[in-house]
Amino acid sequence: MTAPAQHAPTASLDPATEVGLLALTVADLERSLAYYTEAIGLAVLQRDATGATLGVAGKPLLLLSEQPGATPWPRGGRSYTGLYHFAILVPTRADLGRWLRHWLDSGLPLPGQGDHLVSEALYLEDPDGHGIEIYRDRPREEWTWSQGQVRMAADPVDIRGLLAEAERAGAPWAGLPAGTRLGHMHLQVGDIAEAAAFYHGLLGFDIVARMPSALFVSAGGYHHHIGMNTWHSRGAGPAPADSVRLRFFTIDLPTEEARQAVVARLEAAGLAHTERDGVVTIQDPWRNTIALQVGAAPNARAAAALATAIG
């Protein structure tokens, strides 16, 4: 059998670039906090009457802002541009199996699933219809690359094997483990060619998989940091003001030099951006707000300052 070709594309964005955290609006903060702490396993790091920061081991991952009366995100039919799902990456297969055992033991139905060859993933929705993926990566040496494209699929997950892996590890459920982070974002966009021009041509992500209705881009040879599709949003625009929505997400660059290289491309293209309190903010063609920051927000206080800077 021929060994997989292990050749990721050459990066034009600093290879240490990652996505860092995201902010969502929700209709009922108490309901969402119960879901994200009890069902998902995040911890509340900071909260006030109208918002909260959640994360793992003190590291922020998700900011929630209450918008009372907001309508749910439409799922399964015609929708808006914005969030398709955000993806929580756990460190090991046993961690994913432990989360799944906790979910099932809570009396909840089996989530959606996908063995993507590069990863094993479980899919669900929060009470407002925001899409969530919880996944683990396979080792990079098991990924297959061909001509700069990574091979992915949507096969069934070995659920029994996943649960058995957790049982062998033996550790009890105690929430999502240290090392859990935001692995990638998946967006609903209006046009794939336009998405490629922005996320690849301007921001500098490498295209690692492409099809007529979907696009996957990354830095550093990852299978994808941002996925995009038009399955429910071809030609659509952003959600109305009375809907829950994605407020922003961050792209975390390792150095100021790396960030300025991106900013230089944006300026050369005449793309508007703002800078406030060390945060560069831009919008993609569908008004998804992206914060370019140096390094990750290390704690809830830094995440709150970031949200204030973005406005």
Side-chain angles (χ1 to χ4, degrees), residues 19-56 59-75 79-89 111 123-135 176 180-189 225-229 232-233 236-252 279 281-284 286-291 293 296-297 300 302-311:
V19 289
L21 58 81
L22 77 153
L24 301 173
T25 60
V26 296
D28 184 328
L29 182 62
E30 293 299 333
R31 179 182 68 177
S32 293
L33 288 176
Y35 178 83
Y36 279 104
T37 57
E38 296 169 15
I40 302 299
L42 294 171
V44 177
L45 306 182
Q46 186 179 70
R47 69 159 296 176
D48 57 28
T50 60
T53 301
L54 297 96
V56 177
K59 180 180 178 181
L61 187 154
L62 174 64
L63 283 68
L64 299 177
S65 298
E66 187 176 55
Q67 184 181 344
T71 60
W73 190 257
R75 306 293 299 186
S79 187
Y80 312 113
T81 56
L83 182 68
Y84 185 65
H85 64 242
F86 67 95
I88 299 172
L89 173 62
Y123 296 95
L124 46 148
E125 297 171 12
D126 80 357
D128 290 285
H130 294 305
I132 305 167
E133 173 182 342
I134 301 179
Y135 75 112
L176 290 170
T180 298
R181 60 186 177 85
L182 184 65
H184 65 266
M185 294 289 293
H186 196 139
L187 305 175
Q188 296 184 166
V189 298
H225 285 112
I226 303 176
M228 290 153 277
N229 72 69
H232 305 291
S233 57
D242 64 351
S243 170
V244 297
R245 66 192 185 282
L246 172 66
R247 289 180 57 211
F248 67 85
F249 68 95
T250 72
I251 295 174
D252 297 352
V279 179
T281 305
I282 58 173
Q283 289 190 323
D284 76 3
W286 302 277
R287 301 204 298 274
N288 292 307
T289 298
I290 304 164
Q293 63 175 356
L306 171 69
T308 299
I310 294 171

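A quick note: this is a predicted structure, and the numbers were derived from the prediction, not measured. By convention here, the first residue in the shown sequence is residue 1.
The side-chain contact (heavy atoms from CB on, under 4.5 Å) test applied to Q46 returns T53, A300, A304, not counting sequence neighbours. The ring pair (Phe, Tyr, Trp, His ring centres under 6.0 Å) check on Y36 picks up nothing, with sequence neighbours excluded.
Under a 3.5 Å cut-off, the side chain of H130 and the backbone N or O of T25 do form a donor-acceptor pair. A donor-acceptor pair under 3.5 Å is formed between the side chain of T250 and the backbone N or O of L21. Q67 contributes a side-chain N or O that, together with a main-chain N or O of A241, makes up a donor-acceptor pair within less than 3.5 Å. Counting only distance, with no hydrogens or angles, the side chain of D126 and the backbone of D128 share a donor-acceptor pair below 3.5 Å.
Using a 4.5 Å heavy-atom threshold, the side chains of V56 and L42 count as touching. Proximity of R245 to P238: side-chain heavy atoms (C-beta onward) are nowhere separated by under 4.5 Å. Between F248 and T281, every side-chain heavy-atom pair lies at or beyond the 4.5 Å cut-off. Residues I134 and I40 have side chains in contact (heavy-atom distance under 4.5 Å, counting atoms from C-beta outward). Within the 4.5 Å cutoff, the side chain of L62 has heavy atoms near those of the L22 side chain.
Relative ring orientation between Y84 and H186 is described as tilted, the plane-to-plane angle lying within the 30° to 60° band.
Taking the six-membered ring for Trp, Y80 and W73 have ring centres closer than 6.0 Å.
A salt bridge does not link E66 to R31: none of the charged side-chain nitrogens sits closer than 4.0 Å to a carboxylate oxygen.
Other residues, nucleotides and ligands place more than 12 heavy atoms under 6.0 Å from the CZ atom of R75.
Looking at T81 and Q188, their side chains never bring a donor and an acceptor atom within 3.5 Å of each other.
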